[in-house]
Q: 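I am attaching a structure below and will ask some questions about it afterwards.
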Amino acid sequence: MHKWIMSALVTIACAMGVYLLATAMPERPKEETLAEGQELLRIKATNFEFDQAEYKVKAGTSYKVKFSNTLGSHGVEFVGLGIELNKDNPETEVTFDQPGTYELHCSIMCGQGHATMISKLIVE
C-alpha cells in the first residue's frame, strides 16, 4: 500500500514541476530608468494573445520597448520595422519615425493559436 502512495506523490510532484517550468514563474517588477524625453512601450504576451489589440506611439519620440511573457514561450516581431524581441532579447530603444499602422505578430511557433496571435502598432 505504501508503494502506491509514494508513487502517486512522486508523480504529482513531477507534474507540478513540469507545469511550473512550462508556465514560467512571474518576474519581479523592476524600477524603470528612462532617458529624458523617452517613453516606455511595454508588450506582454500570454498564450495566443498580446495584452493589447493596439499599441499607440508618437512619431519622432524615443521609446524603450520592453517585451515579456506572462504565460508560454513567445516573441514579437514588428513587421516592416526590423524589430524582433523575445526572452533572450527582451528590450530595445527605438524612435518610430514613419507614421502608419504596423502589424505585430508572435515570432516563435507557440502552438495552435500561433497564427491568430496578432496585434497592431499605430504610429501617430
Side-chain angles (χ1 to χ4, degrees):
M1 171 114 173
H2 294 286
K3 293 179 187 177
W4 293 106
I5 293 172
M6 197 60 159
S7 296
L9 288 175
V10 168
T11 302
I12 291 169
C14 288
M16 296 263 312
V18 168
Y19 172 78
L20 289 175
L21 287 173
T23 59
M25 298 295 284
E27 295 180 14
R28 277 187 180 172
K30 296 177 184 172
E31 188 176 317
E32 299 297 332
T33 56
L34 300 173
E36 190 169 327
Q38 190 176 50
E39 294 193 30
L40 179 66
L41 172 60
R42 186 179 302 272
I43 300 172
K44 294 182 182 179
T46 187
N47 275 343
F48 316 125
E49 64 184 6
F50 294 104
D51 63 328
Q52 295 181 33
E54 295 179 346
Y55 300 91
K56 293 185 179 182
V57 296
K58 299 173 200 156
T61 301
S62 175
Y63 283 87
K64 179 183 267 190
V65 183
K66 295 195 68 134
F67 174 75
S68 64
N69 286 312
T70 56
L71 186 62
S73 181
H74 306 284
V76 63
E77 179 181 356
F78 293 65
V79 178
L81 296 175
I83 301 170
E84 186 172 335
L85 301 173
N86 54 44
K87 73 174 188 170
D88 296 326
N89 179 33
E91 66 181 62
T92 189
E93 293 183 13
V94 64
T95 300
F96 299 102
D97 294 326
Q98 298 296 322
T101 301
Y102 300 90
E103 182 178 291
L104 306 178
H105 67 251
C106 182
S107 60
I108 297 174
M109 178 55 78
C110 57
Q112 289 181 336
H114 174 74
T116 61
M117 195 167 168
I118 298 171
S119 185
K120 292 180 184 176
L121 174 72
I122 300 171
V123 181
E124 300 174 324

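Position 1 is the first residue of the sequence, and the numbers go up from there.
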Q: Between the side chain of Ser119 and the main-chain N/O of Leu104, is any donor-acceptor distance below 3.5 Å?
A: no
Q: To the nearest 0.5 Å, what is the distance between OG on Ser7 and CD1 on Ile12?
A: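 Those atoms lie 11.0 Å apart.
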Q: Please answer: with hydrophobic residues joined when any side-chain heavy atoms are less than 4.5 Å apart, are Val123 and Leu81 in the same cluster?
A: yes
Q: Is the closest side-chain heavy-atom distance between Phe78 and Ile43 below 4.5 Å?
A: yes
Q: For residues Glu39 and Thr61, report the shortest heavy-atom separation together with the two atoms involved.
A: OE2-CG2, 4.0 Å
Q: Strictly distance-based, threshold 3.5 Å: is any side-chain N or O of Asn69 a donor or acceptor partner for the main-chain N or O of Lys87?
A: no
Q: Would you say Glu84 and Asn89 make side-chain contact, with heavy atoms under 4.5 Å?
A: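 They are not in side-chain contact.
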Q: I'd like to know if the side chain of His74 and the backbone of Thr46 have a donor-acceptor N/O pair within less than 3.5 Å.
A: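 Yes, because the side chain of His74 sits within donor-acceptor range (under 3.5 Å) of the backbone of Thr46.
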Q: Return the minimal non-hydrogen interatomic distance between Tyr63 and Lys58, and the atom names on each side.
A: OH-N, 2.9 Å
Q: Measure the shortest side-chain to side-chain distance between Leu85 and Pro90 over non-hydrogen atoms and say whether it is less than 4.5 angstrom.
A: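 Of all side-chain heavy-atom pairs linking Pro90 with Leu85, none is under 4.5 Å.
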Q: Between OG1 of Thr70 and NZ of Lys44, what distance do you get to the nearest 0.5 Å?
A: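 Atom-to-atom, Thr70:OG1 and Lys44:NZ are 7.5 Å apart.
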Q: Walk me through whether Leu41 and Leu121 qualify under side-chain contact (heavy atoms from CB on, under 4.5 Å).
A: CA-CA 10 Å; Leu41 172 60; Leu121 174 72; 4.2 Å; yes
Q: Looking at His114 and Ile108, would you say the former's side chain and the latter's main chain have a donor-acceptor pair under 3.5 Å?
A: yes
Q: About how many Å separate CZ of Phe48 and SG of Cys106, when rounded to the nearest 0.5 Å?
A: 9.0 Å
Q: side-chain contact (heavy atoms from CB on, under 4.5 Å) for Phe67 and Val65? Distances and angles first, verdict last.
A: CA-CA 7 Å; Phe67 174 75; Val65 183; 5.9 Å; no
Q: Identify whether Leu71 and Val76 are in the same connected component of the hydrophobic contact network (ILVMFWY, side-chain heavy atoms under 4.5 Å).
A: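 No, Leu71 does not connect to Val76 through the hydrophobic network.
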Q: Rounded to the nearest 0.5 Å, how far apart are CD of Glu91 and CG of Leu40?
A: 9.0 Å
Q: Go through the steps to decide whether Tyr102 and Val57 satisfy the test side-chain contact (heavy atoms from CB on, under 4.5 Å), and finish with yes or no.
A: CA-CA 11 Å; Tyr102 300 90; Val57 296; over 6 Å; no
Q: Of all the heavy-atom pairs spanning Pro99 and Ala59, show the shortest one and how long it is.
A: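 Closest pair (atom of Pro99, atom of Ala59, distance): CG-CB, 4.1 Å.
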Q: Would you name the heavy atoms of Glu103 and His105 that are closest together and state the gap between them?
A: OE2-ND1, 3.4 Å
Q: Distance check, rounded to the nearest 0.5 Å: Asp51 atom CG versus Arg42 atom CZ?
A: 9.5 Å
